[in-house]
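Positions are given from 1, in the same order as the sequence printed here.
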Amino acid sequence: MKGVLLAGGTGTRLNPMTKLVNKHLLPVGKYPMIHYAIRKFQQAGIQEVLLVMGKHSAGMYIDYLGGGKDHGVRMTYRVQEEAGGIAQALALAEGFVPDNEKFMVLLGDNLYEDSLAPAVEQFARQPEGAMVMLKEVPDPRRYGVPILHNENILFIEEKPSVPKSNYSVTGIYMYDAGVFDIIRTIRPSQRGELEITDVNNVYAAAGKLTYGVLQGWWTDAGTFSSLQEAGAKLLLSDEGDRR
């Protein structure tokens, strides 16, 4: 299975730091934020990784990651020319993922404790469709919230005023190769972007969207407070790994 790492976006919530460098290269704990997503791929046995990035700081990504040898992976790069949404960035992976093969997608600003190896193994056994990772959160109204039925997701509601579950969809997705055909069918949202929730809801409507649940901590490191919180947790984790 191959991996796709999405690291575009403007990071406006982290201004003025992101005027100088893309948010995925900001330090979190001991390393740039992007380091941890690469580590998650490597730990899950995924060795071929495509990084989709914006033009801003592209050279810095290549300087840090290179061909991937020092990180236990093999890196490929694509540039998202404009901020057109997660699904638009994902579409750039077509051609990198062989026909009829499954792959995993990570958003570079999601930081979390769990290994993804069990989820990758579970999805490998799934005949077709997609899988997303969820996390139980105290205020699901801030996130995309799944409506669950047995092992499937029936629908994902974006920032509902009355959530139908206490779970958030995280930035961890797994797809079959049919996702690229689905992306071609969706239309831009009111903010002018191709939304990954619309893609996931096509799978949900077909009864082909399953889920896993993260047990450890998780954060979307897009604010100063969440960046600081994640950095403290990752520092402790790195110290524990050395011991």
Donor-acceptor side-chain pairing of S189 and E195 below 3.5 angstrom: yes
Compile the donor-acceptor pairs under 3.5 Å between side chains in residues 100-107 and protein atoms, sequence neighbours left out, one pair per line.
unit_1	atom_1	unit_2	atom_2	d
K102	NZ	F123	O	2.8
K102	NZ	A124	O	3.3
K102	NZ	Q126	O	2.1

Between Y36 and W218, ring centroids under 6.0 Å: no
From CD (E158) to CZ (R142), nearest 0.5 Å: 13.0 Å
Rounded distance [0.5 Å steps], CG in L5 versus NE2 in H24: 7.5 Å
Nearest atoms (heavy-atom pairs only) where N152 meets K208: ND2-N, 4.4 Å
Salt-bridge present (R187, E193; N to O < 4.0 Å): no
Nearest atoms (heavy-atom pairs only) where Y173 meets V132: CD2-CG1, 3.7 Å
Beyond-backbone contact of T76 with V49, side-chain heavy atoms, under 4.5 angstrom: no
For D176, all residues meeting side chain to side chain donor-acceptor pair (under 3.5 Å), sequence neighbours excluded: Y203
Test: K55 and E81 ion pair at under 4.0 Å: yes
Test salt bridge (Lys or Arg N to Asp or Glu O under 4.0 Å) applied to D70 - qualifying residues, sequence neighbours left out: none
Flag, side chain of S226 to backbone of D220, donor-acceptor distance under 3.5 Å: yes
